[in-house]
Structure formats: C-alpha cells, structure tokens
Novice: 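Pasting in a structure now, in structure tokens, and then I'll have a few things to ask.
As the structure is a computational prediction, the values presented were derived from the model and not from experiment. Every chain is numbered from 1 and lettered A, B, ... according to where its sequence line falls, protein lines coming before strand lines. Basis for what follows: all heavy atoms, side chains included, without hydrogens, waters or symmetry-related copies.
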Amino acid sequence: MPDQVRVRIAPSPTGNLHLGTARTALYNYLYARRHHGTFVFRLEDTDEERSDETFTQDIIDGLTWLDIKWDEGPDIGGPFAPYRQTEKIDHYNNVANQLISRGLAYLCFCSPDELNEMREEQKEQGGLTRYDGRCRHISAEKRASHEEQERIPSIRFIVDEPRVISWHDAIKGEINIDSSDLGGDMVIVKSNGVAIYNFAVVVDDLDMKMTHVIRGEDHIHNTAKQLLLYEALGKTAPEFGHVALIFDHERRKLSKRHHGEAVHIDKYRRDGYMPEALVNYLAQMSWSPAEGKEIFTLAEGCEMFDLSRVSKSPAIFDIQKLHWFNGHYIRHLPLTLITERAKPFLASFDLSAYSHHEIEQIVACLRESLTVLSEITPASKFFFDKAIVIPQDLQDSLLSKQSSRSVLSKLLEKTKLMPFGDHAGCKAIVDSVGKELGVKGKDLYWPVRAALSGATQGPDLGSMISLLGEARVKSRVESALALCPQL
RNA sequence: GGGGUUAUCGUCUAGCGGGAAGGACGCCGGUCUCUCAAGCCGGAGAAGGGGGUUCGAAUCCCCCUGACCCUACCA
C-alpha cells in the first residue's frame with residue numbers, strides 16, 4: 001500500500017511570514033493536493049528568545065490570506081498533536097535519553113566559553129572548526145566533578161565519520177555529503193533542556209508521519225545530519241526535495257535584514273496586491289507547469305504541480321512581473337470581489353454619496369489602469385471631492401482657449417439631456433456638443449476632463465460623466481466656466 | 001578555510017543528442033483611443049570559459065570560473 005502523502009510547513013515564529021516561507025508553504029500545499037495527501041502546519045518555536053505570538057499570528061494570517069489551508073495544525077489540532085514544539089519538550093528528551101542509553105549520544109559538559117576557546121584555537125591552526133568530541137569518553141571522576149559543580153550538560157549525538165551520506169533529492173537529484181564535514185558530534189538537546197532544531201524536526205517528522213520534506217536548499221547540510229538521526233532511531237527517512245532560494249536583483253538572498261518589509265507577505269496585502277497574483281507569481285517563479293500555462297489559479301496549480309519540474313537554480317524576485325500578474329487579476333477577478341477589496345482604500349472618502357452599484361461602476365472604470373489596488377485612492381479622489389481644483393497650468397493652457405469656453409457652456413446647456421447611468425449615452429452628448437461647435441479631439445474632451453476631474457488624464461470620459469451624475473457635473477462645469485476668461 | 005548547490009535573452013523559464021534555441025515579464029516600435037493604461041500586432045535580446053564523448057551537444061563527462069548556501073547549546 002503506497003503511503004498517503006503527508007507534507008508540512010514548519011515555520012519558526014521568530015519573524016513575520018516571509019516570501020520564501022510562503023513559497024515553500026505553497027509548494028508543499030500544491031504537492032499535498034496534487035497527490036490527495038495531507039498538508040500539516042507546525043510551529044518550530046524552540047527558540048524561546050526570539051519566538052513571539054504576534055509572529056505566529058502573522059504567519060497564520062498570511063497563509064490564510066493566500067488561501068493556503070492546512071489540514072492539521074496548532075490552531076485546528078489533528079491526530080498527531082501537539083503541533084508546537086514547545087509542548088513536546090519532554091518527548092524530545094525521552095527520545096534523546098534512549099539514544100544515550102543505546103550509546104549513540106552522550107552528555108557534554110563543555111561550557112560556551114570552552115567551546116569558543118576550542119574554536120579559536122582551531123581557527124588559528126587550520127581554519128576548520130568542529131567539536132572535537134572531548135566529552136564523548138569522559139571519565140567517571142570528571143563527570144562527578146562536573147556534576148558537583150552543578151554544570152548542566154547538553155546532549156550530543158555521535159556523528160559517525162568518515163562516511164558518505166547520500167540521498168536522491170526530488171529536486172536536485174543525487175546528493176552526497178561526507179559526515180566528516182558536519183562539524184563533529186552535534187548537540188541535540190541544549191543545556192536548558194530544550195531540543196535543538198535538527199533533532200526536534202526529525203522527531204516531529206517521524207511523529208507526524210511525514211512522507212516528503214520540501215524546504216529551502218539552505219537545509220541541505222541539515223538533511224545530512226537528520227539522515228543520521230533517522231538511522232540512529234531505526235526509522236525510514238522521508239523523501240527530500242530542496243528548492244533553490246529567492247534572490248534580489250543583486251543576487252542576494254531575500255532577507256528581512258536587507259529587504260525589510262519587502263519580504264513580508266502582509267505588506268503585499270496592505271499595498272493592494274491580490275493574493276491570487278502572489279500565489280500565481282510565487283508558483284511559477286521556480287516551477288513551470290508542463291502545459292506551459294502562465295496564468296493559473298491555486299486550484300489549477302493543485303492539478304498540475306510536479307516536483308520534478310521545480311527549478312534547481314535560484315530565482316530572482318522580480319516585482320515587475322508580480323505587477324503584471326497583479327494588474328491581470330485586478331482586471332479579471334469578479335467586480336464584486338475587487339470592489340470589496342477596494343473599499344479599505346476608499347475609506348478616507350464619503351462613500352454614502354454613491355449607491356453600492358455606483359461604487360462598483362467607479363471601481364469598474366478605474367481598475368482598467370491599476371497595477372496595485374492602493375492606486376485607486378488617488379485615482380478615485382475626484383469622484384468624491386466636493387469641488388474640483390483645476391491646476392493653474394491647466395487653467396492657463398486649456399481654459400484660456402475660446403473653444404474650451406464654448407464647449408463647457410454648451411455642455412452645461414445640455415446637462416439636462418444627459419442619460420446619467422448610461423456611459424456611452426453620456427459620451428454621445430459630449431460628441432454632439434463637439435459636432436455642433438466643430439470642435440473635436442483634445443479640444444473637445446480635455447476641457448471637460450479638466451472641469452470634472454482637474455486632470456486631462458483619467459478613466460473613460462463617458463463613464464466619468466455618467467457616474468458623477470447631474471448635480472456634480474453641472475456644478476463642476478459651472479465652476480470651470482467661472483475660471484474661463486471673459487472674452 | 002572546508003563542504004555543498006548552481007550556471008539558456010536584463011528577469012522568470014521551455015528544452016532533456018539532430019530546432020532558424022520557444023514562451024512570459026520588462027524594453028523598443030506600431031495599432032486603437034480625447035488621455036493614461038489595458039488589448040492587439042511587430043522588433044531587439046541568451047547557451048560563463050576550456051577540454052572531451054559523438055557523424056552531430058544547450059542537452060552527456062571532466063576541469064576552471066562566478067554566484068549562492070551551510071559550516072551554533074538559531075531555526
């Protein structure tokens with residue numbers, strides 16, 4: 001019977017949800033869905049110094065926003081609870097003690113100072129730093145004296161060396177690493193009694209019956225260490241797939257340190273990016289569907305995802321391409337959804353001036369030219385302003401023209417005839433004004449634009465007039481006319 | 001210093017021994033339009049270097065080089 005696929009995302013709540021973490025979560029999610037398996041969310045919170053609940057919440061919120069849902073996790077439980085490592089401290093200790101009793105691990109009494117000193121010496125001599133295993137065969141007396149001094153030991157796992165550790169990586173292919181390059185016997189439980197990452201992951205992945213571990217390639221050396229632990233515990237290791245990292249245009253790893261909020265998923269939500277766009281961008285950044293599709297939904301991704309088509313080399317984060325995806329989704333997602341998402345960006349305006357349907361129409365005509373939804377705030381401002389301010393240079397260059405004055409006054413006469421609500425019909429009235437006066441093109445449209453919005457550039461003119469409605473159009477044209485020089 | 005990963009247009013990629021090296025973003029030009037976009041049409045633009053293997057190499061092998069990652073009682 002083939003194992004039911006079980007994969008996980010295991011972030012540590014020491015920071016906000018990072019772009020790279022989101023991509024790893026996404027790939028795991030896609031893999032789980034593709035194989036009708038289970039996607040697990042678990043918290044690696046053993047670093048009590050840096051872990052924080054607000055980060056946990058940010059990670060949960062971010063993944064939820066992206067619509068990446070987990071089947072088991074700290075918030076919803078599951079058959080292999082608990083899903084936070086801090087709730088399993090004793091369990092890790094028990095497993096570590098088994099290793100000690102089987103002679104595969106031992107107590108290490110070295111102090112941080114001693115360890116540092118050792119490394120300093122090694123650096124001076126050859127450069128290679130590694131734990132020399134001095135506590136591995138500690139004498140009974142020495143041990144007793146350490147205990148008398150109340151020195152609290154850590155637990156180290158014996159790294160058998162030299163030997164080659166190999167695995168077939170689902171993304172990278174064959175990988176071989178010599179155990180001698182792993183830095184010597186490794187700490188698995190810190191002297192504060194808390195398991196260290198490399199040990200806790202193995203125990204958890206075993207407890208949670210993970211079949212595949214898909215993570216960043218910065219874990220490749222960890223995988224070698226972990227493989228040794230699986231072996232010592234007498235268990236079969238899951239399959240591994242290491243995804244290349246994400247770089248910036250200078251080929252630096254994307255990091256909070258260098259890029260700040262630009263790597264924070266929530267920043268994209270706040271700035272008006274569509275989660276569909278981010279998911280689509282992230283998915284195709286290091287993976288290309290066999291079908292060659294560029295635009296696809298999360299659900300479609302679930303049908304097509306294939307680990308063997310994930311790229312081996314790093315991808316550079318390209319905001320331009322994200323913008324392209326984002327603009328596409330702003331334009332193609334259902335209008336009601338985009339309107340809902342636009343509302344927070346319209347919060348500074350008095351929306352009660354328009355009906356819900358009119359707000360939707362405003363969003364409809366504006367979304368054509370947006371790349372991020374936040375741009376709708378300045379773009380829609382003129383719809384809500386009580387009065388329009390026409391910049392001086394436009395007054396000088398545009399309103400000073402005789403034709404502008406004629407157009408505006410003629411338009412004012414025809415305001416009553418405007419079929420408000422009918423975009424094309426309103427445009428037709430403007431055209432009729434132009435026809436009667438023998439004015440066309442910019443000479444006809446720009447004065448109207450300036451009067452209504454204070455700019456010569458904006459959404460479709462017919463839509464503007466139609467949505468602004470009779471009262472606003474009338475008063476704005478009157479105001480503009482008042483600025484036209486009397487001839 | 002040691003170890004590992006990696007290398008196709010500026011960027012993301014397709015390709016998996018025989019093609020004029022394909023697509024997408026961006027860029028440039030055209031078209032549409034009252035404007036900015038969007039859309040449509042077109043264009044420029046790529047195999048890091050060196051050795052092999054082969055009738056034939058982007059594709060297989062080796063070396064070099066670059067970039068990146070790891071090298072904690074962080075995760």
Novice: Hey, are Glu161(A) and Arg130(A) close enough for a salt bridge, meaning a charged N less than 4.0 Å from a carboxylate O?
Specialist: yes

Novice: Decide if the gap between the ring center of Phe296(A) and the ring center of Phe305(A) is smaller than 6.0 angstrom.
Specialist: no

Novice: Are His219(A) and Tyr197(A) an aromatic pair, judged by ring center distance below 6.0 Å?
Specialist: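 Under 6.0 Å, so yes.
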
Novice: What is the pairing partner of C68(B), taking Watson-Crick or G-U wobble pairs with both distances under 3.5 Å in any strand?
Specialist: G4(B)

Novice: Taking CE from Met304(A) and C1' from A14(B), how many angstroms apart are they, rounded to a whole number?
Specialist: 15 Å

Novice: Using a 4.0 Å heavy-atom cut-off, does Ser180(A) contact any base of the nucleic acid, only the sugar-phosphate backbone, or nothing at all?
Specialist: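 Ser180(A): no heavy atom of the nucleic acid under 4.0 Å.
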
Novice: Please work out whether the ring planes of His328(A) and His332(A) are parallel, tilted or perpendicular, with thresholds of 30° and 60°.
Specialist: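 If you compare the ring of His328(A) with that of His332(A), the planes turn out parallel.
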
Novice: For atom P, what is the distance between A46(B) and C61(B), given to the nearest Å?
Specialist: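 These two P atoms come out 26 Å apart once rounded.
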
Novice: Partner lookup for C9(B), please. Criteria are Watson-Crick or G-U wobble with both distances under 3.5 angstrom; report none if nothing qualifies.
Specialist: none

Novice: Roughly how many Å apart are U35(B) and G43(B), using the P atom of each and rounding to a whole number?
Specialist: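 26 Å, rounded to whole Å.
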
Novice: Using a 4.0 Å heavy-atom cut-off, write out nucleotides 25-46 of chain B from 5' to 3' as B (base contacted by protein), S (sugar-phosphate only) or - (no contact).
Specialist: S--------BBBBS--------

Novice: Report, as a single string ordered 5' to 3', how protein heavy atoms within less than 4.0 Å touch nucleotides 62-75 of chain B: B base, S sugar-phosphate only, - not at all.
Specialist: -----SSSS-SBBB

Novice: Look at all strands and tell whether Ser286(A) reaches a base, only sugar-phosphate, or nothing, counting heavy atoms closer than 4.0 Å.
Specialist: sugar-phosphate

Novice: Using atom C1' of each nucleotide, how far apart are A38(B) and G19(B) to the nearest Å?
Specialist: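 34 Å, rounded to whole Å.
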
Novice: Could you let me know what G39(B) is paired to, Watson-Crick or G-U wobble, both distances under 3.5 Å, or none if it's on its own?
Specialist: U31(B)

Novice: What salt bridge (charged side-chain N to carboxylate O under 4.0 Å, His left out) pairs are there with at least one residue in residues 424-436 of chain A, not counting sequence neighbours?
Specialist: Lys410(A)-Glu436(A), Lys414(A)-Glu436(A), Lys427(A)-Asp431(A)

Novice: Please assess Leu411(A) against Met418(A) for the test side-chain contact (heavy atoms from CB on, under 4.5 Å), listing each intermediate value before the final yes or no.
Specialist: CA-CA 9 Å; Leu411(A) 189 67; Met418(A) 287 279 188; 3.5 Å; yes

Novice: Find the distance Phe325(A):CZ to U11(B):C1' and express it as a whole number of Å.
Specialist: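 Going from CZ in Phe325(A) over to C1' in U11(B) covers 13 Å.
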
Novice: What interatomic distance, in whole Å, is found between P of U13(B) and the corresponding atom of U71(B)?
Specialist: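 Comparing P positions in U71(B) and U13(B) gives a spacing of 25 Å.
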
Novice: What is the distance, to the nearest angstrom, from the CZ atom on Phe317(A) to the C1' atom on G10(B)?
Specialist: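 Distance check: Phe317(A) CZ to G10(B) C1' gives 17 Å.
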
Novice: Any salt bridge between Asp204(A) and Arg8(A), counting N to O under 4.0 Å?
Specialist: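 A salt bridge is absent here (no side-chain N lies under 4.0 Å from a carboxylate O).
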
Novice: Go through the steps for His137(A) and Tyr106(A) under the test side chain to side chain donor-acceptor pair (under 3.5 Å), then give the verdict.
Specialist: CA-CA 9 Å; His137(A) 303 294; Tyr106(A) 58 89; over 6 Å; no

Novice: What's the gap between A21(B) and G45(B) when it is taken at their P atoms, as a whole Å value?
Specialist: 13 Å

Novice: Measure the distance from CD1 on Ile165(A) to C1' on G3(B) and round it to the nearest whole Å.
Specialist: 12 Å

Novice: Expressed as a whole number of Å, how far does the P atom of G56(B) sit from that of C41(B)?
Specialist: 42 Å

Novice: Mind checking Ile220(A) for me? I need base, sugar-phosphate or nothing, with any heavy atom below 4.0 Å counting as a touch.
Specialist: sugar-phosphate

Novice: Can you tell me the Watson-Crick or wobble partner of A58(B), both distances under 3.5 angstrom?
Specialist: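 Pairing partner, where one exists within any strand: none, as none qualifies.
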
Novice: Using the C1' atom as the reference point in each nucleotide, state the distance between C16(B) and C73(B) in Å, no decimals.
Specialist: 46 Å

Novice: When both hydrogen-bonding distances must be under 3.5 Å and the geometry is Watson-Crick or G-U wobble, what is A44(B) paired with, if anything?
Specialist: none

Novice: Contact class for Glu49(A) (heavy atom, under 4.0 Å): base, sugar-phosphate, or nothing?
Specialist: nothing

Novice: If you find the nucleotide of RNA chain B closest to Ile316(A) and the one closest to Arg309(A), which residue's nucleotide is nearer the 5' end?
Specialist: Ile316(A)

Novice: Taking 4.0 angstrom as the limit, do Arg42(A) and Glu44(A) come out as a salt bridge?
Specialist: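 Result for this pair is yes, salt bridge flagged.
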
Novice: Roughly how many Å is it from CE in Met285(A) to P in C12(B), rounded to a whole number?
Specialist: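 That distance rounds to 10 Å.
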
Novice: Would you please indicate if the ring centroids of Trp287(A) and Tyr27(A) are separated by under 6.0 Å?
Specialist: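 Between Tyr27(A) and Trp287(A), which both carry aromatic rings, the centre distance is not below 6.0 Å.
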
Novice: State the pairing partner of G26(B); accept Watson-Crick or G-U wobble contacts with both distances under 3.5 Å, and report none otherwise.
Specialist: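 When the pairing criteria are applied, nothing turns out to pair with G26(B), so the answer is none.
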
Novice: Would you mind pulling out the nucleotide paired to G19(B), Watson-Crick or G-U wobble, both distances under 3.5 Å?
Specialist: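 Because no pair has both required distances under 3.5 Å, G19(B) counts as unpaired.
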
Novice: What interatomic distance, in whole Å, is found between P of A58(B) and the corresponding atom of A20(B)?
Specialist: 12 Å

Novice: Hey, are the side chains of Tyr31(A) and Ile214(A) touching, using non-hydrogen atoms and a 4.5 Å cut-off?
Specialist: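 Yes; the side chains approach each other to less than 4.5 Å.
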
Novice: What's the CD-P distance between Gln226(A) and G4(B), to the nearest Å?
Specialist: 19 Å

